[in-house]
Amino acid sequence: MVNLGRSWGCSMCKKRRIKCDEQEPGCKRCTKSGLTCPGYDSEKVLKIRFKDETALVTHRAGFGPPRVNSPVPAARFQGVQEDFETKAFNFFILNFATAGRDKVSSRGLWEAVAPTIQDCSASSPVADAATAVGVILFNIWHLHRDGPNALNPAFNRAVRGLRQRLGSGDPINGPEILITILLLQFHENLSAVFGLRPASRMHYNGALALIRSLPIESFSTVASRGLLLNVLNIEVSLAIRECQPVDPELIPWFASLPYTLPTNPAMELSWIGISVANIQHRFERLLQDHPHCTTRQCSHSSEIAALYDNILDYQTASAKWLNNVPEHWPPTKWKPSAVSPDPPILMYQGTCEVYPSVQVASVFNTYRGYQLIINKILSIVQTHSWLEPHIGPQDPRATIQSVVDHMCYSIPFYLGNRVGVQYITDLTTPNAKDIYPAYHNMKDLPIAKEHVLREELHRKHVIAYGAWHSMYPLSMLITLFGKHSGYDCDCITRMIRPGQLAWIESQLFRMMKIYALDRGVGGTPETPEECAQAVRRALRLMVGS
């Protein structure tokens with residue numbers, strides 16, 4: 001649980017060594033005694049420590065295997081809402097914001113949550129925003145039918161507290177306000193994914209407005225600079241999904257990050273992502289205009305040549321990135337140390353590749369997503385002879401097939417042999433029959449032991465995040481290679497081997513079953529393409545968590 005430390009009662013009650021009710025403007029203890037309450041410290045710094053009570057709270061609340069029509073968990077704690085919220089907060093911090101985290105693969109948000117709360121005053125809306133995320137996660141993992149939309153007082157308090165801070169006229173604490181907004185956006189993202197609806201970007205727009213209104217010196221700590229990295233990741237992800245360039249006004253903010261943060265592969269890949277978004281946007285504009293040109297009347301030759309030069313620059317940067325990742329990061333084919341589990345692990349072509357962590361696997365799949373976008377563009381322009389005067393010895397078809405294969409090989413690492421719905425007790429008392437391929441259950445260890453997560457820690461991390469991180473590669477592959485309407489239909493859909501798309505579709509439906517998304521609030525899409533589109537709309541403001 002969260003321990004808030006010593007009492008923040010008034011100094012009179014502290015002197016009298018009695019419990020203070022901390023009422024405003026003065027406590028009742030002083031009033032009833034005929035004393036003048038001296039008030040409270042103006043800055044109550046929040047000092048926290050965490051205790052994992054997930055198992056205890058699930059036992060007391062009677063949580064067990066799925067009961068989708070059961071009451072909202074908070075309703076089981078009538079009269080002690082605050083106690084439930086404390087447990088939900090710890091559930092989030094210990095199972096999602098800290099477990100299995102590595103600064104080298106960090107995307108900037110979760111690693112900043114606990115340090116920021118630690119440094120903020122007790123009245124900060126950050127704690128309420130984190131609690132709101134904990135409550136929605138708690139409800140989702142309890143498989144409550146209305147989990148994403150269940151009553152969440154902490155969310156309302158966080159919004160009110162944020163408005164009060166912004167409207168108070170006091171100097172703005174940039175990191176405190178930004179992390180509050182990002183947590184509220186993540187709450188919206190969760191609600192969208194589990195409701196199979198598009199995510200609103202209202203909170204994210206507020207984050208951008210905040211950044212533009214403050215000097216960059218407002219973000220001076222490593223944790224606060226990490227928040228800017230998270231915004232960069234969201235901005236790149238959003239630009240790519242919407243075929244738009246990254247806002248050039250934000251580039252100066254992001255340009256300072258490599259000089260003030262320890263450089264990691266995730267940050268470097270985000271910079272490459274900016275070029276991918278810009279290439280894709282330029283290509284989409286050519287798609288609209290160039291096909292209508294005739295040989296005699298075409299003004300796009302210089303634009304096509306410039307596009308190809310941008311692609312070559314991307315290929316140089318991406319090859320350099322791949323060569324510079326930590327030597328223990330690249331995937332290894334999994335060779336189990338025991339007999340095949342029952343049920344079996346559903347692998348594509350009998351292959352599963354494992355990584356040091358779910359985070360690392362997702363960084364690689366982001367890189368592969370960029371590869372698919374660029375090679376899709378190359379394939380189209382080659383097929384239609386756009387680049388005949390400029391094209392080099394490119395073979396995008398072989399690259400696309402290889403990239404898709406490696407994405408498929410990562411899915412068993414995320415999902416293991418899980419076929420049923422996950423619920424909250426899986427995080428505390430996991431089923432021994434659920435096998436998740438990892439280094440610790442291989443015959444021979446191909447990397448140094450210090451790079452291998454403990455079995456208990458990896459298992460907890462992959463249960464919490466595995467299915468979540470599988471959404472991106474699965475939905476992207478189906479969107480790219482499924483049913484298309486448009487200029488690039490034929491030349492793209494034939495680039496992967498027969499039967500591969502059907503396997504990918506089956507894994508998307510398995511992921512939806514694991515998260516009970518097949519019981520979607522608004523009704524589940526029927527076709528894989530509809531499912532993939534629904535998931536991608538919900539993930540539009542989401543980056544690797």
Side-chain angles (χ1 to χ4, degrees), residues 52 54 94-107 110 141 265-266 325-368 405-420 422-423 425-474 503 507 510-511 514-515 544-545:
D52 192 351
T54 305
L94 292 162
N95 292 297
F96 295 90
T98 57
R101 293 283 163 191
D102 184 350
K103 292 181 180 179
V104 180
S105 54
S106 169
R107 303 295 182 95
W110 301 128
W141 276 78
V325 297
E327 61 181 11
H328 63 281
W329 268 34
T332 300
K333 286 189 177 181
W334 183 64
K335 297 178 181 179
S337 59
V339 295
S340 298
D342 183 25
I345 296 172
L346 302 176
M347 297 183 278
Y348 180 67
Q349 293 188 324
T351 300
C352 168
E353 292 181 335
V354 297
Y355 301 79
S357 70
V358 171
Q359 277 183 298
V360 171
S362 296
V363 171
F364 267 100
N365 276 333
T366 298
Y367 159 78
R368 292 171 186 140
D405 285 346
H406 283 289
M407 280 184 154
C408 290
Y409 300 156
S410 73
I411 301 304
F413 175 73
Y414 290 130
L415 303 182
N417 67 338
R418 186 82 191 205
V419 292
Q422 281 184 336
Y423 40 92
T425 52
D426 286 314
L427 292 168
T428 56
T429 53
N431 190 332
K433 292 185 177 180
D434 292 336
I435 303 299
Y436 294 92
Y439 283 115
H440 59 71
N441 52 25
M442 290 181 66
K443 286 181 179 178
D444 302 307
L445 196 62
I447 64 175
K449 288 185 178 180
E450 60 263 26
H451 300 308
V452 179
L453 284 177
R454 298 193 318 273
E455 180 175 359
E456 178 184 358
L457 186 58
H458 173 77
R459 188 179 183 85
K460 188 173 187 178
H461 190 56
V462 76
I463 289 173
Y465 273 115
W468 181 264
H469 282 268
S470 75
M471 291 183 188
Y472 168 74
L474 291 172
W503 185 88
Q507 299 310 297
R510 179 157 75 107
M511 178 277 297
I514 288 172
Y515 273 147
S545 303

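Note that the coordinates shown come from a computational prediction; the quantities given were computed from them, not determined experimentally.
For the residue pair W141 and Y515, the shortest heavy atom distance occurs at CZ2-CE2, 4.3 Å. Here the shortest heavy-atom pairing between N365 and R368 reads OD1-NH1, 2.9 Å. In this structure, V360 and P356 approach most closely via the heavy-atom pair CG1-CD, 3.9 Å. Summarising the geometry of N417 relative to P341, their closest heavy-atom pair is ND2-CB, 3.9 Å, with the distance given to 0.1 Å. The two residues V358 and Y465 have their closest heavy-atom pair at CG1-CB, 4.2 Å. Minimum interatomic distance between Y355 and F364 (heavy atoms only, all atoms of both residues): CE2-CD1, 3.9 Å.
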Inset, instruction - Starting from the C-alpha separation in whole Å, work towards a yes-or-no answer on side chain to side chain contact (heavy atoms under 4.5 Å, CB included) for Y348 and D405. - result: CA-CA 8 Å; Y348 180 67; D405 285 346; 3.7 Å; yes

Inset, instruction - Could you give me the CA-CA distance, side-chain angles and deciding distance for C408 and W503, then say whether side chain to side chain contact (heavy atoms under 4.5 Å, CB included) is met? - result: CA-CA 9 Å; C408 290; W503 185 88; 3.7 Å; yes

Inset, instruction - Give the intermediate values and the outcome of side chain to side chain contact (heavy atoms under 4.5 Å, CB included) for residues T332 and E353. - result: CA-CA 5 Å; T332 300; E353 292 181 335; over 6 Å; no

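Between Y436 and F413, the distance from one ring center to the other does not fall under 6.0 angstrom.
Taking OG of S470 as the start and CD1 of I514 as the end, the distance is 7.0 Å to the nearest 0.5 Å. Here the straight-line distance linking atom CD1 of I435 with atom CG of D342 works out to 10.5 Å at 0.5 Å rounding. In this structure, the separation between NE2 on H406 and CD1 on I411 is 13.5 Å, given to the nearest 0.5 Å. For the atom pair CZ of R510 and CG of L415, the computed distance is 4.5 Å after rounding to the nearest 0.5 Å. Atom NE2 in H461 sits 5.5 Å away from atom OG in S357 (nearest 0.5 Å).
The salt bridge (charged side-chain N to carboxylate O under 4.0 Å, His left out) analysis of residues 426-439, with sequence neighbours excluded, yields the pairs R418-D426, R418-D434.
When side chains are defined from C-beta on, S410 does not count as touching P331, because their heavy atoms never get closer than 4.5 Å. Side-chain contact between V363 and W329 is present, with heavy atoms from C-beta onward closer than 4.5 Å. Counting heavy atoms from C-beta on, the side chains of Y414 and S362 come closer than 4.5 Å. Within the 4.5 Å cutoff, the side chain of P330 has heavy atoms near those of the V325 side chain.
Within 6.0 Å of the CD atom in E456, the count of heavy atoms belonging to other residues, nucleotides or ligands does not exceed 12.
The side-chain hydrogen bond (donor to acceptor under 3.5 Å, both in side chains) check on T351 picks up nothing, with sequence neighbours excluded.
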Could you pull out all donor-acceptor pairs under 3.5 Å where a side-chain atom in residues 442-455 meets a protein atom, sequence neighbours excluded?
none

